S.K.: 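Dropping the structure in here first, questions after.
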Amino acid sequence: MPPGSTDHDVIIIGAGFAGLYMLHRLRGQGLSARVLEAGGGVGGTWYWNRYPGARCDVESLQYSYSFAEDLQREWTWTERYATQPEILRYLDHVADRFDLRRDIELNTRVTAASWDAPGAWVVETDGGERLSARYLVTAVGCLSAANLPRLPGSFRGPSYHTGRWPAEGVDLAGRRVAVIGTGSSGIQSIPVIAESAEHVTVFQRTPNFSVPARNGPLRPEDDQWFKANHHELRHQLRTSHSGLFTSPNPDSALAVTEEERGREFEARWERGGLAFLGAFSDLMISEEANRTAADFVRGKIRATVRDPAVADLLLPGDHPLGSKRVCVDTGYYAAYNRPDVTLADLRTAPIRELTPGGVRTADREHPVDVIVYATGFDAMTGPLLAIDIRGKGGLSLREKWRAGPRSYLGLMSAGFPNLFTITGPGSPSVLSNMIVSIEQHVDWIAECLDRLGGRALDADPLAEDAWVEQVNEIAGLTLFPRANSWYMGANIPGKPRVFMPFVGGVGVYRDICAEVAANGYQGFLRD
Ligand code: NA7
């Protein structure tokens with residue numbers, strides 16, 4: 001394809017953490033790129049998820065870009081875990097700081113993309129625009145397609161999905177609020193909503209494991225230490241298992257005494273956050289080891305929730321700890337000690353229908369003024385398949401992925417030349433600190449485009465088959481597939497059950513990708 005015959009060298013879909021950095025990198029190597037973003041502002045996940053209490057479950061020092069020293073030096077987080085508004089301010093700052101906005105088109109949803117002869121992507125938007133580029137990069141996020149259950153009946157009050165929260169906010173003061181769902185979004189929002197609502201009724205289908213955040217102001221000495229040592233610390237994150245500091249303990253939970261085990265769990269519980277999962281090396285591979293951690297958390301729930309019947313309902317029991325994303329909360333279990341918070345157990349009394357004034361379960365009607373759907377997302381594949389993507393010969397991605405996503409390294413899918421998927425299924429993505437994974441993918445793609453110099457690249461179907469097999473095989477060695485999780489697609493009716501992310505760890509994965517590139521893009525086909 002002759003240079004200049006497309007509108008842009010690259011079209012990027014999405015202006016969250018991934019899209020912003022991708023644009024910055026491509027510009028730096030002299031490519032013209034256009035970002036198309038559905039939202040009215042930059043920020044992606046952090047633009048949409050404005051629900052009360054929304055906050056990152058990764059510590060702010062680690063959940064930030066590492067690509068620019070100046071940016072790192074000049075930005076100071078205020079809390080150990082940043083709130084949604086603060087992360088959005090950070091991303092707005094990044095957009096301004098690197099002059100990114102002039103290449104970003106907001107309020108523009110990509111509806112279709114097709115690989116057209118003689119070798120360009122043609123992208124269509126909801127505004128009727130058609131744009132072409134030699135390369136297409138999706139930066140659509142893993143958790144951006146909201147899952148809104150179809151409940152029978154109708155409710156006369158307002159209802160909101162946590163992932164589509166209105167930018168102007170919602171005043172829940174003095175209202176009777178239903179929160180449906182007890183994943184991370186429900187668990188973060190329930191205690192905060194309870195502070196001002198007249199009453200909160202929590203509709204729980206499956207109890208989840210949650211560990212305390214122990215949030216607080218970011219200590220200046222921690223900030224200074226991170227800034228002073230950031231080269232070394234960022235390197236550690238990039239080569240770690242999850243892209244997080246979890247202080248992994250190499251011991252087996254079963255090789256120590258009960259007292260030692262209890263001390264390790266207790267210390268991590270006190271410190272707060274996802275490092276709880278690093279307590280022992282076999283928590284995600286041995287059911288017995290996992291049960292020790294699960295029992296510890298169940299003990300904490302019983303000790304926190306005063307009403308033993310409510311505590312019992314909150315005890316997770318149908319999946320190993322960590323096989324669904326562990327939540328990180330502030331005051332979640334204690335919220336059930338409030339007289340104005342009620343737990344409705346959907347396992348014993350499922351939702352029958354919405355009524356004009358509330359939610360009817362099998363046993364009674366719960367009168368509410370507002371419904372908050374904290375019901376999650378069609379994860380990972382949802383945002384990609386929402387776009388009608390057509391590759392070579394009109395091959396549809398929806399069709400190709402009917403039985404589950406197939407990709408090589410989570411970066412490309414065979415038959416879709418020049419289409420790169422940042423943190424796509426088959427890469428560590430949601431099992432890691434997303435920023436570490438995003439930066440690794442963006443750097444890899446940018447270098448690849450540089451070396452391609454305009455030529456086309458596609459995944460070799462044989463390499464793809466081998467990768468899909470490897471991803472499944474490694475997942476099968478762990479406890480992850482034992483849960484009906486969104487990692488497995490199990491939260492969406494009719495979605496194929498396939499474990500989607502790569503569990504081998506970000507350090508291992510980075511090495512694999514680097515080696516593939518060093519070997520002349522082994523497993524990829526070039527023009
Ligand atoms: P999650 O973790 O998918 O949680 C969604 C919750 O909503 C979960 O408790 C679901 O129960 C529940 N749910 C979903 N559909 C229904 C229906 N129809 N009825 C009742 N309850 C329902 O999404 P989040 O937004 O909380 O968190 C997503 C990620 O964001 C999180 O892991 C962090 O990485 C950040 P279920 O368990 O399916 O029985």
Side-chain angles (χ1 to χ4, degrees), residues 44-46 48-58 63 81 84 87 141-153 159-165 178-190 201-211 213 242-244 273-274 277 313-314 316-319 322-329 332 343-354 359-362 366 371-380 382-383 423 428-435 437 480 483-495 497 500-501:
T45 289
W46 302 104
W48 296 105
N49 284 269
R50 297 168 189 250
Y51 59 85
R55 183 186 286 287
C56 191
D57 58 5
V58 174
Y63 194 82
Y81 298 89
Q84 173 273 327
I87 302 174
C142 295
L143 297 165
S144 53
N147 169 41
L148 203 57
R150 283 201 200 105
L151 299 173
S159 51
Y160 308 94
H161 187 279
T162 48
R164 288 285 174 276
W165 204 260
V179 178
I180 302 180
T182 51
S184 187
S185 305
I187 281 176
Q188 285 187 341
S189 61
I190 288 159
T201 308
V202 179
F203 294 85
Q204 173 188 264
R205 191 162 67 179
T206 314
N208 255 311
F209 291 98
S210 187
V211 298
S242 58
L244 297 164
L274 293 170
L277 292 164
L313 295 176
L314 289 167
D318 77 329
H319 62 282
S323 58
K324 284 184 169 187
R325 175 85 168 203
V326 166
C327 304
V328 178
D329 73 277
Y332 174 62
L343 182 63
D345 179 34
L346 300 181
R347 288 169 301 176
T348 47
I351 296 177
R352 288 277 185 252
E353 59 171 354
L354 302 179
V359 179
R360 191 190 313 281
T361 51
H366 301 266
I371 298 178
V372 173
Y373 290 95
T375 44
F377 303 89
D378 182 352
M380 308 192 71
T423 63
S429 65
V430 290
L431 293 180
S432 68
N433 176 347
M434 285 302 285
I435 314 306
S437 287
F480 279 102
N484 289 324
S485 66
W486 53 255
Y487 299 142
M488 290 285 292
N491 64 327
I492 303 294
K495 189 168 173 171
R497 300 220 173 175
M500 294 185 281

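Treat the numbers as computed from the prediction; the structure is a model and nothing was measured. Note that the numbering runs from 1 along the sequence shown for the chain. For ligands, and for the atoms within them, numbers begin at 1 and follow the listed sequence.
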S.K.: If I compare all heavy atoms of Asp57 with all of Val326, which pair ends up nearest, and what's the gap?
M.R.: OD2-O, 4.4 Å

S.K.: Considering all heavy atoms of both residues, which atom of Arg352 and which atom of Pro152 are nearest to each other, and what is their separation?
M.R.: O-CG, 3.1 Å

S.K.: Quick one: which ligand 1 atoms are inside 4.0 Å of a heavy atom on Gly181?
M.R.: 6 (C), 7 (O), 9 (O), 12 (C)

S.K.: Tyr160 and Trp165: ring pair (Phe, Tyr, Trp, His ring centres under 6.0 Å), yes or no, with the steps?
M.R.: CA-CA 6 Å; Tyr160 308 94; Trp165 204 260; 5.3 Å; yes

S.K.: Specify the protein heavy atom at minimum distance from atom 9 (O) of ligand 1: its residue, its atom name, and the distance to 0.1 Å.
M.R.: Thr182 N, 2.9 Å

S.K.: Got an N/O contact under 3.5 Å between Thr162 and ligand 1?
M.R.: no

S.K.: Contact between Trp486 and ligand 1, counting heavy atoms under 4.0 Å?
M.R.: yes

S.K.: Among protein heavy atoms, which lies nearest atom 39 (O) of ligand 1, and at what distance?
M.R.: Thr206 OG1, 2.4 Å

S.K.: Determine whether the side chain, the backbone, both or neither of Lys324 has a heavy atom under 4.0 Å from any heavy atom of ligand 1.
M.R.: side chain

S.K.: I'd like to check whether Asn208 has a polar contact with ligand 1, where a contact means an N/O of the residue lying under 3.5 Å from an N/O of the ligand.
M.R.: no

S.K.: Check Pro207 against Leu313 and note the closest heavy-atom contact, atom names and distance.
M.R.: CG-O, 3.4 Å

S.K.: Show the numbers, then the answer: is there a side-chain hydrogen bond (donor to acceptor under 3.5 Å, both in side chains) between Asn208 and Arg325?
M.R.: CA-CA 9 Å; Asn208 255 311; Arg325 175 85 168 203; over 6 Å; no

S.K.: Going through the distances and angles, do Leu314 and Gln204 end up as a side chain to side chain contact (heavy atoms under 4.5 Å, CB included)?
M.R.: CA-CA 9 Å; Leu314 289 167; Gln204 173 188 264; 3.5 Å; yes

S.K.: Can you list the atoms of ligand 1 that are under 4.0 Å from a heavy atom of Pro149?
M.R.: 18 (N)

S.K.: Nearest 0.5 Å, what's the OH-SG distance between Tyr487 and Cys142?
M.R.: 11.0 Å

S.K.: What part of Ser185, side chain, backbone, both or neither, has a heavy atom within less than 4.0 angstrom of ligand 1?
M.R.: both

S.K.: State if Tyr373 counts as touching ligand 1 under the rule of any non-hydrogen atom under 4.0 Å.
M.R.: no

S.K.: For atom 6 (C) of ligand 1, find the nearest protein heavy atom and state the residue, atom name and distance (0.1 Å precision).
M.R.: Ala374 O, 3.3 Å

S.K.: Mind checking whether Leu143 contacts ligand 1 via backbone (N, CA, C, O), side chain (CB onward), both or neither, at a 4.0 Å heavy-atom cut-off?
M.R.: side chain

S.K.: What is the minimum heavy-atom distance between Tyr63 and Asn433, and which atoms define it?
M.R.: CD1-OD1, 3.7 Å

S.K.: Considering only the protein, which heavy-atom contact is closest to atom 31 (C) of ligand 1, and what is its distance?
M.R.: Ser184 CB, 3.5 Å

S.K.: Looking at Ile180, which atoms of ligand 1 are within less than 4.0 Å of one of its heavy atoms?
M.R.: 20 (C), 21 (N)

S.K.: If you have a sec, work out which protein heavy atom is nearest atom 4 (O) of ligand 1 and how many Å separate them, to one decimal?
M.R.: Gly183 CA, 3.4 Å

S.K.: Could you go step by step and tell me if Trp48 and Gln84 meet the side chain to side chain contact (heavy atoms under 4.5 Å, CB included) rule?
M.R.: CA-CA 9 Å; Trp48 296 105; Gln84 173 273 327; over 6 Å; no

S.K.: If you measure from OG1 on Thr375 to CG on Leu148, what distance do you get to the nearest 0.5 Å?
M.R.: 5.5 Å

S.K.: Tell me which part of Leu346 gets within contact of ligand 1: side chain, backbone, both or neither, using heavy atoms under 4.0 Å.
M.R.: side chain

S.K.: Among all protein heavy atoms in this structure, tell me which lies nearest to atom 23 (O) of ligand 1, with the distance rounded to 0.1 Å.
M.R.: Gly376 CA, 3.1 Å

S.K.: Considering only non-hydrogen protein atoms, determine which one is nearest to atom 38 (O) of ligand 1 and report residue, atom name and distance to 0.1 Å.
M.R.: Arg205 NH2, 2.9 Å

S.K.: Nearest 0.5 Å, what's the CG-CZ distance between Leu343 and Phe203?
M.R.: 10.0 Å

S.K.: For atom 34 (O) of ligand 1, find the nearest protein heavy atom and state the residue, atom name and distance (0.1 Å precision).
M.R.: Arg325 NE, 3.5 Å

S.K.: Give me the atom names and distance for the closest heavy-atom approach of Arg164 to Ser144.
M.R.: NH2-O, 2.8 Å

